[in-house]
Each structure stands twice: as C-alpha cells, then as structure tokens.
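Quick notes on the structure that follows.
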There are 2 protein chains.
Amino acid sequence: MQFGCKYTWYFINRNNVALYILVIMKTIRNTASKTAILELITHSEVALSHVEIQKLTGDLCDRVTIYRVLERLINEDLIHKIATPDGTVKYASCHHHHDNHHHIHNHVHFSCEKCLSVTCLDSVEPSYKIPDNYLVKEVNFTLSGLCPKCI
Amino acid sequence: MQFGCKYTWYFINRNNVALYILVIMKTIRNTASKTAILELITHSEVALSHVEIQKLTGDLCDRVTIYRVLERLINEDLIHKIATPDGTVKYASCHHHHDNHHHIHNHVHFSCEKCLSVTCLDSVEPSYKIPDNYLVKEVNFTLSGLCPKCI
DNA sequence: TTGCTTAATGCAATTTGGTTGCAAATATAC
DNA sequence: GTATATTTGCAACCAAATTGCATTAAGCAA
C-alpha cells in the first residue's frame, strides 16, 4: 500500500483477533501567520483575545485563519485558552508548571475588572481537597479584582 | 412633586453645595417566566446554560425574556453566572458560602469534559497565596476532568 | 532545483449567542 | 376596579465563531 504522507502500521493481537492499525501522521507546517501569532502571544504580558490578536496582526491574514491557527497552537500545547469570569475567551502561552505528583495542568490567572487584563500568576499554587470520586485533570483558578496597575 | 412609584428624597451638604437626591425604588414583580426559570435552576443538579433553559422551558416565553429574567435573578442575588473553561456561560443557584474572613465570594465548580456538566462543589474550599499588590474581590475555582457519573 | 502531495489559507455564507427599541400585556399598589 | 410602571414579545440588529470549497504554499523526495 502506498501513501503520499507519513504513516506507520501497528499490529496487535487481542482475543485471537489480529488487528493491523494504520496510523497516518499529519505533518504540521510552519507558516508566517502561525509564527507571528505565536510570537505575539508569547511576548505579551497579558492574555490576548481573538479581536486583540486581529488588531495587532493587522492584515497579515484572515480572521478565520487566526481561529484556525489558535486551534492548532492549542493542540500543539504551545498556548492555552482562558475563559474570564464573564465568558470572554483569551489566549496565553503555556509555561508548563505541572503538578509533579499528579501531572495536572495548573492554570492560575488574575482577571482585572477595571482594565480587563488577564495575567498568568505562575508563582501561585492553589491547594484544595475534593471527593475522590472525581478525576481532576485540569485546575483552573481565576482570581478577579484589581491588578497592581489599577489598584 | 408626585410619582406613581415609591421614592425617597435624600439631602446631603457637601462643600457648601446642597444636594437633593431623589431615589426611585423600582418594585420587582414576580412573573410566571421568572418563577419557572428560578425553579429550574434551583432544582437542577448542574449549572444550566441559556440554550438548556430555553429547551427546558419550551415555549413558555421568548428567548429574550430568558436573558432578561436571568439578569434580574443575578441582580437579586438568587443565581450566579459561571464561565466554563471553554467560555460557555452557565447559571446556578447561589448558596452563599462566603469566606468569613475577607467577605470574598467563592465560586468552586467542577466541569466534566465528557458530559459537559458543571456542578457547584460547596464543600471544597481552596487556599492560596497571592502577592499583596493585587486586590482580590472574587475567587473562581474550576476543576475539570471526569465527574463521578462519567469516570 | 523541480515536482508532488497535502496542509493551510482566503473568501463567502451561515450559524450561534446576545443586545436594543418599542408597542402591547400584565403585576402590583391604591 | 383603576392607574402606573414593570415585564414581555417581536423584529431587527450586532458580534463572535464555524463551515465549505476553491486556491495557495510548505515540506518532502527525487
């Protein structure tokens, strides 16, 4: 069998049933839009919304492309999505402050109600207790109020 | 001066300027839509979105009315708004578990990534430390993963 | 370098979520 | 019951996000 893209065959034998699994590997491409948007987010002090990215990139690319690039960057684990308490979606770069014991992704953010900025608080480590019939995979901790600049 | 609704006059004297302030008291009315929507939210195990409320109420009222009723219920402090990690807005009834020391409104929720349900975790009390150049007014703590039903 | 394959983009159209203005309906006080 | 202001329904509007499809271009191999 021949394919133009990269692929691998896996073989497993389960319950006397032979399975050949074809894994097609999608090659991720680097484009001008993608690198520019990632640059913007990683160099920004605060988390950025789609409209903010659109204004900052100007006519670099279509707004639909921005959506698709953001989606890809999330899949590649280069950025993460933040929802502010009012439901606005923002994007920030990942710093990978994982909980070493349980490999839980921690997101600690501060959302200023005055200037509407969202900042990652990498130094803050929240602690909590939860009934063990829940499986926690991600911790999303958003504090809101006034940031140092607006206080 | 005469008004059909309730009102009070306040008088203050500040910097040699006399101010008469008229405070008009809006009377809140109970309607079929309002009671039905509040019933729905208070009796629901999980937080509900606008579309979910719309489906559950059927043709009880217009979708605009739902928005306006929800807004009023929030103002009356009977329900509160929750933003899930992906940016979806949901509504749940208030249980008033305030932080006794700082009078900060605590919102602790669990968001299931499989059934997309959002539940209030009233028993969980997160602890944290934050640089004191921030003024924290509200704490929004959302854990995500798998809920007991989906585990 | 050239050509091939498939990922990524642009554009238009569409869907979804939420808001606003205004006339009509209705809850509450008297 | 009547008066009055609140609430509702409807239509229109707006912004945010998604989808389909033809076109463009990134990256691999020869």
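Keep in mind that this is a model prediction, so the values were computed, not measured. Every chain is numbered from 1, with letters handed out A, B, ... down the list of sequences.
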Item to complete: Respond yes when some side-chain nitrogen or oxygen of B:Lys26 is under 4.0 Å from OP1 or OP2 of D:dT7, and no when none is.
Response: yes
Worksheet item: Within less than 4.0 Å of OP1 or OP2 of C:dA29, is there a side-chain N or O belonging to B:Thr27?
Response: no
Response to the item:
A:Ile74 and A:Lys81 have their tightest heavy-atom pair at CD1-CB, 4.2 Å
Worksheet item: Can a donor-acceptor pair be found between the side chains of B:Ser111 and B:Thr84 at a distance below 3.5 Å?
Response: no
Rounded to the Å, how far apart are [X] [atom1] and [N] [atom2]?
X: A:Lys90; N: D:dA16; atom1: NZ; atom2: C1'; value: 15 Å
X: A:Lys34; N: D:dA25; atom1: NZ; atom2: P; value: 18 Å
X: B:Asp86; N: D:dA16; atom1: CG; atom2: C1'; value: 14 Å
X: B:Leu70; N: D:dT8; atom1: CG; atom2: P; value: 11 Å
X: A:Glu52; N: D:dA15; atom1: CD; atom2: P; value: 17 Å
X: A:Lys55; N: D:dA16; atom1: NZ; atom2: C1'; value: 13 Å
X: B:Arg29; N: D:dA5; atom1: CZ; atom2: P; value: 9 Å
X: B:Asn30; N: D:dT8; atom1: CG; atom2: C1'; value: 15 Å

Worksheet item: With distance as the sole test, does A:Thr57 use its side chain to make a donor-acceptor pair with the main-chain N or O of A:Leu60 at under 3.5 Å?
Response: no
Got a list of side-chain donor-acceptor pairs under 3.5 Å for residues 33-44 of chain A, not counting sequence neighbours?
| from | atom 1 | to | atom 2 | distance (Å) |
| --- | --- | --- | --- | --- |
| A:Lys34 | NZ | A:Asn30 | OD1 | 3.3 |
| A:Lys34 | NZ | A:Glu76 | OE1 | 3.3 |
| A:Lys34 | NZ | A:Glu76 | OE2 | 2.8 |
| A:Thr35 | OG1 | A:Thr31 | O | 2.9 |
| A:Thr35 | OG1 | A:Ala32 | O | 3.0 |
| A:Thr42 | OG1 | A:Leu38 | O | 2.8 |
| A:Thr42 | OG1 | A:Glu39 | O | 3.0 |
| A:His43 | ND1 | A:Glu39 | O | 3.3 |
| A:Ser44 | OG | A:Val46 | N | 3.2 |
| A:Ser44 | OG | A:Val46 | O | 2.6 |

Practice prompt. Sequence neighbours left out, what pairs pass salt bridge (charged side-chain N to carboxylate O under 4.0 Å, His left out) with at least one residue falling in residues 59-70 of chain A?
Written response: none
Response to the item:
Letter by letter from the 5' end, nucleotides 10-20 of chain C scores (B base, S sugar-phosphate only, - none; protein heavy atoms under 4.0 Å) BBB----SBBB
Worksheet item: Taking atom SG of A:Cys147 and atom CG of A:Leu121, what is their separation to the nearest 0.5 Å?
Response: 10.5 Å
Worksheet item: Between A:Ile28 and B:Ile28, which is nearer to the 5' end of DNA chain D once each is assigned its nearest nucleotide?
Response: B:Ile28
Item to complete: Considering only NZ, NE, NH1 and NH2 on the basic side and carboxylate oxygens on the acidic side, decide whether A:Glu125 and B:Lys129 come within less than 4.0 Å.
Response: no
